[in-house]
Amino acid sequence: MTNKVPKIHWKEITPLSIYQNRRSFLKTFAMGAAASLMMPLDSFANTKEKLTRYQDIISYNNYYEFGTGKEDPSENSSKFKTSPWSITIEGEVAKPRTISYEQIMKDFPSEERIYRLRCVEGWSMVIPWMGFSLSHLLKTVAPTSKAKFVEFISVYRPEEMIGQRSKILDWPYREGLRLDEAMHPLTIMATGLYGKNLPTQNGAPLRLVVPWKYGFKSSKAIVTIKLVEHIPITSWMNAGPSEYGFYSNVNPKVDHPRWSQATERRIGDSFLDPRRPTEMFNGYAEQVAGLYQGMDLKKYY
Ligand SMILES: Nc1nc2c(c(=O)[nH]1)N[C@H]1C(S)=C(S)[C@@H](COP(=O)(O)O)O[C@H]1N2
Ligand SMILES: [Mo]
């Protein structure tokens with residue numbers, strides 16, 4: 001498969017520090033220094049929406065390693081061992097490394113990021129994640145000039161993950177991003193939610209969150225990150241290439257072949273509540289549309 005990579009390099013994207021400084025300056029300017037000190041450092045978009053209840057976030061999950069039902073992950077993941085844990089980062093990098101969970105937590109302080117998660121199935125939640133920009137971690141391995149894509153590989157442990165004993169997907173779960181998407185400050189390695197450590201059903205101990213893409217791009221229980229030259233084939237592309245593309249940007253104008261993507265149901269709403277319109281790039285167009293300039297988003301779905 002060939003793929004057109006827009007000529008934007010990740011170095012051209014506003015670094016997080018500048019982004020944060022600009023935002024905290026704006027906040028300070030708008031409401032005074034005292035008030036701004038009490039805000040989370042950086043909460044990005046969608047903070048005005050009502051947060052989804054904790055109970056819903058931890059009991060309505062997609063995590064096929066623990067079964068395909070929405071309540072399966074909360075029921076089947078309690079014995080999953082999240083410690084010890086480490087992530088290996090390898091491939092097109094000058095300094096490959098294996099880094100423990102404890103070292104990650106020490107070197108990359110988490111902050112709150114309130115993001116909307118929009119599943120390809122047509123539902124959404126507003127989740128107060130804890131996490132840090134993945135770019136901070138990726139910079140420590142010094143990607144080479146050949147690194148164009150990043151592959152994320154989740155853990156393979158059929159003895160602990162009941163879903164992996166059947167061929168629901170081709171295990172281990174694999175996802176991928178273009179390098180500039182992975183380096184974007186909105187892309188986080190999530191370490192928690194609602195100020196607590198991640199529950200197993202939400203991808204403990206470390207999972208990705210890419211808020212402008214459909215939920216399945218946000219891989220749970222990551223053990224390997226591989227920087228590669230060519231576009232990786234993801235588990236979902238293997239499962240149905242015409243239904244799940246590599247990009248999978250939230251886009252109300254590009255329907256899934258079997259259903260519309262124009263609207264979504266917010267988890268926690270009553271079934272009498274109307275569905276809500278889905279926003280381009282899940283509401284993050286201002287921050288990420290530039291990554292796709294000149295690309296036909298119907299072709300690169
Ligand atoms: N390893 C792994 N990661 C995964 C999945 C999965 O089945 N396995 N499901 C994805 C899908 S389809 C969605 S919508 C989100 C759901 O995340 P949440 O349960 O924290 O809301 O996780 C994504 N990450
Ligand atoms: Mo999903």
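For ligands, and for the atoms within them, numbers begin at 1 and follow the listed sequence. Predicted, not measured: the structure shown is a model, and the values here were computed from it. For the numbers below, each heavy atom of this structure counts, side chains included, while hydrogens, waters and symmetry mates do not.
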Run through Arg275, Arg276, Glu279, Arg266 and flag the one making a side-chain hydrogen bond (donor to acceptor under 3.5 Å, both in side chains) with Ser124. Arg266
Is there side-chain contact between Val250 and Arg116, with heavy atoms separated by less than 4.5 Å? no
Flag for Glu181-Tyr292: side-chain donor and acceptor within less than 3.5 Å: yes
For Cys119, atoms of ligand 1 separated by under 4.0 Å from a heavy atom: 14 (S)
Give a yes/no verdict on whether any heavy atom in Ser218 is under 4.0 Å from an atom of ligand 1. yes
Closest approach of any protein heavy atom to atom 15 (C) of ligand 1, naming residue and atom: Gly215 O, 3.6 Å
Have Thr98 and Thr88 got a donor and an acceptor in their side chains that come within less than 3.5 Å? yes
Going by the order shown, which atoms of ligand 1 are within less than 4.0 Å of some heavy atom of Ser154? 1 (N)
Does the N or O separation between Trp123 and ligand 1 drop below 3.5 Å for any pair? no
Is it the case that Lys217 places NZ or CZ above or below the six-membered ring of Tyr247, under 6.0 angstrom from the centre and within 45 degrees of the axis? no
How far is atom 3 (N) of ligand 1 from its nearest protein heavy atom, and which residue and atom name does that atom have? Lys220 N, 3.0 Å
Can you check whether Asn62 has an N/O within less than 3.5 Å of an N/O in ligand 1? yes
Separation between SG (Cys119) and CG (Asn61), nearest 0.5 Å, reads 11.0 Å
Distance under 6.0 Å and angle within 45° of the ring axis: does Lys220 meet both against Phe66? no
Report the part of Tyr173 (side chain from C-beta onward, or backbone N, CA, C, O) that has a heavy atom under 4.0 Å from ligand 1; answer both or neither where that applies. side chain
Look only at interatomic distance and state if Trp129 has a nitrogen or oxygen under 3.5 Å from any nitrogen or oxygen of ligand 1. no
Indicate, as side chain, backbone, both or neither, the part of Glu65 found under 4.0 angstrom from ligand 1 when only non-hydrogen atoms are considered. side chain
Using a 4.0 Å cut-off to any heavy atom of Asn202, which atoms of ligand 1 qualify? 18 (P), 19 (O), 20 (O)
For Tyr64, the ligand 1 atoms whose distance to one of its heavy atoms is below 4.0 Å: 6 (C), 7 (O)
Check if Arg207 has a non-hydrogen atom at a distance under 4.0 Å from any atom of ligand 1. yes
Quick one: closest heavy-atom pair of Glu160 and Lys79, and the distance? OE1-O, 3.8 Å
Within the supplied structure, the quantity of interest is the number of heavy atoms (other residues, nucleotides, ligands) at a distance under 6.0 Å from Glu286 CD; does it exceed 12? no
